[in-house]
Amino acid sequence: MSTPSLATSGSLLQLENMELRTLFDGVGAYFFIKNLQGQYLFANQAVCTLFRRPLADLLGRDDTCFFDLQRSPNQTLNDARVLKQAEEIHEREEVYLVGEDTPRVFWVVKVPICDAAGSVTGMCGIATDITHRQRQTQDDIDHSEMLNAVLSNVDAYIYLKDHAGRYLYANAKVLTLYGRGPDDVIGHTDLELLPTDEATRLAGMDQAVLHSGERASAEEIIVDTEGAARHFWSVKMPLKLPGQPPALIGFSSDITELLQLKRGMEQHRTTDTLTGLPNRAQFERLLASRIEAMPHQPLAVLLFDLDQFKYLNNSVGHAAGDEVLKEVAARIDDCSWLPGPTARLAGNEFALAVTGFSDSEGLRRIAMQVQHLLEQPVRLGPQLFQLTAGMGISVYPADALSADQLVARAEAAMFDAKEKGRGRFRFYSAELGAAVAARLSLERDLRAAQDKQEFELYYQPKIDARSGKVAGAEALLRWHRGGQEMVPPVLFIPLAEQLELIVQIGDWVIATACRQLQTWHGAGLTGMKLAVNLSVVQLNDAGLAARVAEQMRRYGIGPDQLELEITESMMMSDPEQAIANLQALRALGVSLSIDDFGTGYSSMAYLKRLPVSALKLDRSFIQNIDQDAADADLCAGVIALAHMLGLQVVAEGVETAPQRDALLARDCDFFQGYLFARPMPVAEATAYLQQAA
Ligand code: C2E
Ligand code: CA
Ligand code: CA
């Protein structure tokens with residue numbers, strides 16, 4: 001078989017490029033190119049499937065191989081009109097494929113391909129199968145509707161241009177893009193149709209394809225009739241015409257939306273959606289590139305977290321809370337004396353990068369200015385809110401060299417500032433770093449402590465003041481960290497509360513205390529009460545009373561054997577909730593006492609509402625009771641008042657006989673302290689109790 005060509009003989013239209021072929025296969029219609037002799041130079045996959053031949057078998061053959069031309073007269077006729085008269089055909093064609101008895105009906109668009117001199121050298125065709133609509137009369141088939149049906153299937157811009165850039169063919173999409181009719185486009189160049197700079201850019205790629213004789217693909221930008229820049233991915237191929245300068249065929253897809261989507265995703269990856277500020281990852285990238293660009297210039301990270309934002313969110317609602325965050329973002333972002341990048345790292349945590357400060361004093365002034373900026377009241381509807389923030393500052397290169405370390409260290413300093421109170425700032429320091437590291441390792445070990453059975457209860461006896469007999473004991477928690485070092489409760493209980501580990505640990509304490517009571521009871525040590533300390537976090541846990549009841553049942557503990565110690569400050573956070581819980585516990589019959597009385601926000605008003613039976617006078621009150629008359633009077637007053645309210649009084653931390661005597665003289669009911677016994681491990685405590693009994 002001779003090599004098919006667009007002209008009578010000779011050169012080949014090479015559409016071997018896979019990418020271009022794939023694009024044609026995707027058009028959802030039959031697409032083909034034939035030469036002047038009617039031989040196929042190209043056919044897309046749809047045509048190959050229709051003819052049941054691979055492309056290689058099809059190229060160079062004409063329609064005698066595929067159609068029963070005798071019974072398909074308008075097929076032959078139409079091709080002749082295109083190839084001989086250079087007409088453009090938009091018509092319905094009824095054809096019989098070889099070996100088929102029923103006709104197929106196609107809507108075809110056939111366009112002549114001309115050379116530079118205007119002579120037809122071949123044709124390009126697109127056809128869609130409308131067999132199922134064949135019963136409709138010709139009249140029914142609205143010409144332009146069908147044309148649209150065909151061309152809207154081709155979701156791409158298809159065009160042929162000659163060597164001088166004149167359009168030989170342009171499909172409807174191209175015409176719409178240019179906002180022109182076919183007569184204004186065919187025979188014209190981009191230079192006549194588009195602004196000069198755009199046309200020059202397009203011509204650049206066209207020229208490259210024509211000169212190299214090779215396909216090219218690239219992104220192109222064309223401003224559409226509405227003035228919007230549209231992005232295209234264009235694939236262009238040379239069309240070699242014998243004895244003629246080469247022409248080209250182009251196929252462009254609009255990728256504008258795709259790019260927008262991609263940009264949106266990029267945006268999402270780098271930006272906090274609420275405030276539009278960079279997010280943490282992006283902030284660290286910006287810092288890193290700043291450091292890389294100017295490694296010798298100091299840079300500070302100011303990181304702040306709004307104080308009590310959770311409270312604000314709960315009281316005014318999340319939508320209003322979001323408004324506050326946006327307002328804060330705008331304040332720091334609009335601030336002309338803060339030219340560095342700003343970011344929202346998380347929740348109510350923001351950061352800014354500061355340069356151009358003279359020394360730490362200069363930086364301190366900037367930090368104060370930022371705080372001042374934040375403290376300007378925010379208006380939410382009729383209400384004005386005053387914000388404060390805890391702020392941490394880290395400095396490159398003194399505190400850290402990498403962006404993420406700088407942020408982490410500023411954050412550590414911020415946490416420290418917040419622990420000290422509202423509206424503070426703190427510079428990162430090596431000591432703080434060490435403290436943070438120590439705290440992190442304490443946290444890690446504390447999380448594992450329960451599984452490793454590192455907790456133990458110590459017991460400190462409570463003495464009846466008048467009889468001198470043991471009335472009970474208080475269970476005190478001990479942590480043997482790493483099996484040896486004993487960490488005092490004041491160091492780990494606040495942490496356990498913060499991490500909310502105290503609920504589980506507290507459950508263990510209650511269960512262990514109940515089991516110990518049962519053991520002592522079995523050993524004949526009856527009639528004593530064991531006190532267990534409760535944390536505020538436990539008190540806010542709705543399931544607490546049920547779990548206490550379960551342990552009491554499990555170990556057969558009567559309500560008169562168990563006492564729970566709570567502190568007054570527990571009432572402050574959520575008094576109603578705490579009181580509800582205490583009432584549930586009281587309903588179980590266990591007694592409640594107020595621990596550390598006199599240290600917190602002592603409020604006799606609360607005392608009256610609480611179902612408590614005892615007060616534990618804090619050690620600081622009785623320390624000087626034997627020497628200081630004012631302290632002694634205060635104790636006497638509290639004891640008298642407590643008795644009037646029907647409460648018993650326990651004196652804590654009794655260390656000396658004179659303290660004991662002074663308390664006894666003022667009618668104190670119970671003593672607890674080193675004078676009688678220290679907190680002891682269970683074996684020692686058991687021996688003590690047995691000997692005292
Ligand atoms: P607290 O409830 O006021 O416990 C009394 C503290 O005073 C104990 O300290 C005890 O060892 C100490 N103490 C007793 N007598 C004397 C004395 O004569 N002189 C002096 N200087 N101190 C005395 P500890 O065991 O270190 O416990 C400290 C705090 O830890 C407790 O204070 C309590 O608030 C908390 N705590 C201990 N165990 C638990 C527990 O199981 N759960 C909870 N939530 N808190 C606990
Ligand atoms: Ca206590
Ligand atoms: Ca106490």
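All ligand and atom numbering here is 1-based and tracks the order in the structure. No experiment lies behind these values; they were computed from the predicted model shown. Along the sequence shown, residues are numbered consecutively beginning with 1.
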Nearest non-hydrogen protein atom, [atom]:
| atom | value |
| --- | --- |
| atom 43 (C) of ligand 1 | Asn533 CB, 3.6 Å |
| atom 1 (P) of ligand 1 | Asp595 OD2, 3.9 Å |
| atom 15 (N) of ligand 1 | Gln460 NE2, 2.9 Å |
| atom 20 (C) of ligand 1 | Glu655 OE2, 3.3 Å |

State, yes or no, whether a side-chain contact exists between [X] and [Y] at a heavy-atom distance under 4.5 Å.
| X | Y | answer |
| --- | --- | --- |
| Leu675 | Thr656 | no |
| Arg515 | Arg554 | no |
| Ile505 | Gln450 | yes |
| Trp520 | Met528 | yes |

Rounded distance (nearest 0.5 Å) linking atom CG of Leu432 with atom CZ of Phe415: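 These two atoms lie 11.5 Å from each other.
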
As an exercise, identify every atom of ligand 1 less than 4.0 angstrom from a heavy atom of [X].
| X | result |
| --- | --- |
| Gly673 | 15 (N), 18 (O) |
| Gly653 | 16 (C), 17 (C), 18 (O) |
| Ser535 | 44 (N) |
| Val509 | 41 (O) |

Test of understanding: given a 4.0 Å heavy-atom threshold, classify the contact between [X] and ligand 1 as side chain, backbone, both, or neither.
| X | answer |
| --- | --- |
| Arg619 | side chain |
| Leu675 | neither |
| Pro679 | side chain |

Check contact between [X] and ligand 1, using heavy atoms of the residue and a distance below 4.0 angstrom.
| X | answer |
| --- | --- |
| Gly506 | no |
| Glu474 | yes |
| Glu497 | no |
| Glu652 | yes |

[X] side chain to [Y] side chain, donor-acceptor N/O pair below 3.5 angstrom:
| X | Y | result |
| --- | --- | --- |
| Arg409 | Gln405 | yes |
| Arg481 | Ser441 | yes |
| Glu563 | Ser593 | yes |

Sidechain-backbone polar pair: Asp595 side chain, Thr567 backbone, donor-acceptor under 3.5 Å: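 Not at all, since once roles are kept as given, no pair shorter than 3.5 Å links the two residues.
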
Of the listed options [options], closest to [atom] (non-hydrogen atoms):
| atom | options | result |
| --- | --- | --- |
| atom 3 (O) of ligand 1 | Asp618, Val654, Asp596 | Asp596 |
| atom 41 (O) of ligand 1 | Leu477, Thr512, Leu457 | Leu477 |
| atom 26 (O) of ligand 1 | Ala475, Pro489, Ala651 | Pro489 |
| atom 39 (C) of ligand 1 | Ile493, Leu476, Leu534 | Ile493 |
| atom 12 (C) of ligand 1 | Tyr458, Tyr674, Phe676 | Tyr674 |

Sub-3.0 Å protein N, O or S atoms surrounding the Ca ion (ligand 2):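 Result, waters dropped: Glu474 OE2, Asn533 OD1, Glu565 OE1, Asp595 OD2.
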
Arg280 to Phe283, cation-pi by 6.0 Å centre distance and 45° axis angle: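 Arg280 over Phe283 ring: no.
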
Nearest protein heavy atom under 4.0 Å from atom 34 (O) of ligand 1, yes or no: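 It does not: no protein heavy atom is found less than 4.0 Å away from atom 34 (O) of ligand 1.
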
Heavy-atom protein contact below 4.0 Å for atom 9 (O) of ligand 1: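 Within 4.0 Å of atom 9 (O) of ligand 1, no protein heavy atoms are found.
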
Pair Lys616 + Glu565, salt bridge at N-O below 4.0 Å: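 Counted as a salt bridge, because a side-chain N and a carboxylate O are separated by less than 4.0 Å.
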
Charged N-O contact under 4.0 Å between Asp322 and Lys326: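 No, Asp322 and Lys326 are not salt-bridged.
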
Under 3.5 Å: N/O of Gln672 near N/O of ligand 1: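 There is no such contact.
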
Salt bridge (Lys or Arg N to Asp or Glu O under 4.0 Å) contacts touching residues 630-651 (sequence neighbours left out):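 Every pair satisfying salt bridge (Lys or Arg N to Asp or Glu O under 4.0 Å) with a residue in residues 630-651: there are none.
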
Pair listing, side-chain hydrogen bond (donor to acceptor under 3.5 Å, both in side chains) test, anchored in residues 635-645, at least two apart: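 Matches after skipping sequence neighbours: His643-Asp669.
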
Residue list, salt bridge (charged side-chain N to carboxylate O under 4.0 Å, His left out) with Lys469, at least two apart or on another chain: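 Salt bridge (charged side-chain N to carboxylate O under 4.0 Å, His left out) check on Lys469 returns nothing, list empty.
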
Enclosure of His480 NE2 (heavy-atom neighbours >12, cutoff 6.0 Å):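 Atom NE2 in His480 is packed in, count exceeds 12.
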
Among Gln460, Gln672, Lys462, side-chain hydrogen bond (donor to acceptor under 3.5 Å, both in side chains) partner for Glu474: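 Of all the options given, the one that passes is Gln672.
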
